[in-house]
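Predicted model only: the values in this text are computed from it and were never measured. Below, each value reflects all heavy atoms present in this structure, side chains not excepted, and no hydrogens, waters or symmetry copies.
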Amino acid sequence: MVTDAEDAAEQVGESAAVRWFARGGLIAYGLVHLVIGWSALRIAWGAPDRKGADPSGAITNLADQPFGKGVLWCLAVGLLALGLWQASEAIWGARGEEKVGQRVRKKVTSAARAVVYVGLGGSAISVALGSGASSSRSQQQATSGVLAWPGGQVIVVIVGLVVVGVGVGMVVRGVKASIGDESDLASMSPTTRRVMKGLGQVGYGTKGVAFCIVGGLLVYAAVTFDPRKAQGLDGAMQTILEQPFGAFLLTVVAIGFVAFGLYSVLQARFHRM
């Protein structure tokens with residue numbers, strides 16, 4: 001009975017419909033990053049647009065546009081399908097890998113992506129229903145609650161270090177510029193490969209740096225026991241802006257998020273599914 005249920009769930013995760021919706025989800029994921037990049041560019045040069053500098057803020061900005069609610073529901077469906085597909089990969093994928101370490105890494109990566117995609121899909125639904133909230137505010141509230149636990153500081157430090165580790169992994173991936181793990185290189189022209197490689201390098205590298213700053217802010221919040229220091233992506237961008245030549249640095253970050261957004265959109269066409 002359990003085996004039948006597992007087989008049915010696996011078939012759903014691998015169905016053509018879910019994979020096509022997942023490709024739409026990659027476009028939606030790219031769109032979110034394009035909005036974040038545009039918002040970061042506005043912040044860099046003085047526009048009061050902080051609410052669009054994190055994923056939930058970008059989704060809120062989309063809701064404010066003409067036909068925004070309809071776009072959000074399409075966004076939610078695509079992201080949830082993307083999450084379902086990644087969840088199926090986490091459970092049943094990577095069977096062709098001979099090395100146990102490689103299988104575990106791919107499964108953990110797929111599981112983490114599933115959580116991110118489902119979370120963004122849930123945010124899109126929440127905003128479409130009119131109950132969205134800033135991710136930085138939510139992060140501060142969550143951090144404040146955890147810091148009150150026994151050993152809460154240690155927990156927040158560990159979470160911050162994990163986020164930094166994820167950021168470092170993104171930077172490494174950007175430096176290595178390995179797009180062959182997920183993309184169907186055979187269906188790309190040489191020019192498309194070069195464009196994908198460049199977008200992946202800039203996009204992953206920049207996003208990784210931003211994650212490292214978010215993780216660093218979490219660790220700082222734990223060490224100082226000040227949950228107000230726990231900031232999301234918008235707080236990380238504000239931190240960049242406050243540095244010498246901050247506007248130019250934040251402009252580079254904005255370009256990086258736009259590059260990642262374009263990379264995700266292209267992945268919708270060339271991703272192996």
Side-chain angles (χ1 to χ4, degrees), residues 32-33 36 39-40 43 49-60 79 83 86-87 90 101 104-123 126-127 131-175 204-244 246 249-250 252-253 256-257 260:
V32 170
H33 283 80
I36 292 173
S39 298
I43 293 170
D49 194 26
R50 280 196 67 195
K51 74 172 186 176
D54 61 24
S56 64
I59 290 171
T60 302
L79 288 169
Q86 283 295 313
V104 171
R105 181 181 64 82
K106 287 192 174 184
K107 285 178 176 290
V108 170
T109 300
S110 293
R113 287 176 178 171
V115 171
V116 171
Y117 297 145
V118 170
L120 284 176
S123 293
S126 178
V127 173
S131 57
S134 164
S135 68
S136 278
R137 189 181 308 129
S138 299
Q139 184 166 308
Q140 289 172 13
Q141 292 171 347
T143 303
S144 178
V146 174
L147 285 175
W149 297 353
Q153 281 180 286
V154 175
I155 294 172
V156 174
V157 167
I158 291 173
V159 171
L161 292 176
V162 169
V163 174
V164 170
V166 171
V168 171
M170 288 183 178
V171 172
V172 170
R173 180 166 182 174
V175 171
Y204 272 106
T206 304
K207 191 175 178 181
V209 170
F211 267 61
C212 287
I213 295 173
V214 172
L217 290 172
L218 269 174
V219 172
Y220 185 60
V223 172
T224 60
F225 211 82
D226 185 357
R228 291 174 299 175
K229 302 296 184 182
Q231 296 284 331
L233 194 54
D234 55 351
M237 290 185 178
Q238 192 63 38
T239 300
I240 293 171
L241 185 61
E242 292 168 357
Q243 307 311 307
L249 291 173
L250 191 52
V252 172
V253 171
F257 271 85
F260 190 88

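- Taking every heavy atom of both residues into account, V168 and C212 meet most closely at N-SG, 3.7 Å.
- Counting only residues at least two apart or on different chains, the side-chain hydrogen bond (donor to acceptor under 3.5 Å, both in side chains) pairs with a member in residues 111-122 are R113-E182.
- Side-chain atoms of S126 do not come within 3.5 Å of backbone N or O of G122 as any donor-acceptor pair.
- Atom CG of L250 and atom OG1 of T239 lie 10.5 Å apart (nearest 0.5 Å).
- When each of L249, V209, I43 is paired with I240, the side chain to side chain contact (heavy atoms under 4.5 Å, CB included) condition holds for L249 and for no other.
- Ring geometry for F260 against H33 counts as tilted: the plane angle lies between 30° and 60°, on a 0 to 90° scale.
- The OG1 atom of T109 lies 8.5 Å from the CZ atom of R173; values are rounded to the nearest 0.5 Å.
- Between V156 and L218 the shortest heavy-atom distance is CG1-O, 3.5 Å.
- Residues S110 and A90 come closest through the heavy atom pair CB-N, 3.7 Å.
- Closest approach of A114 to A87, counting heavy atoms only: CB-N, 3.7 Å.
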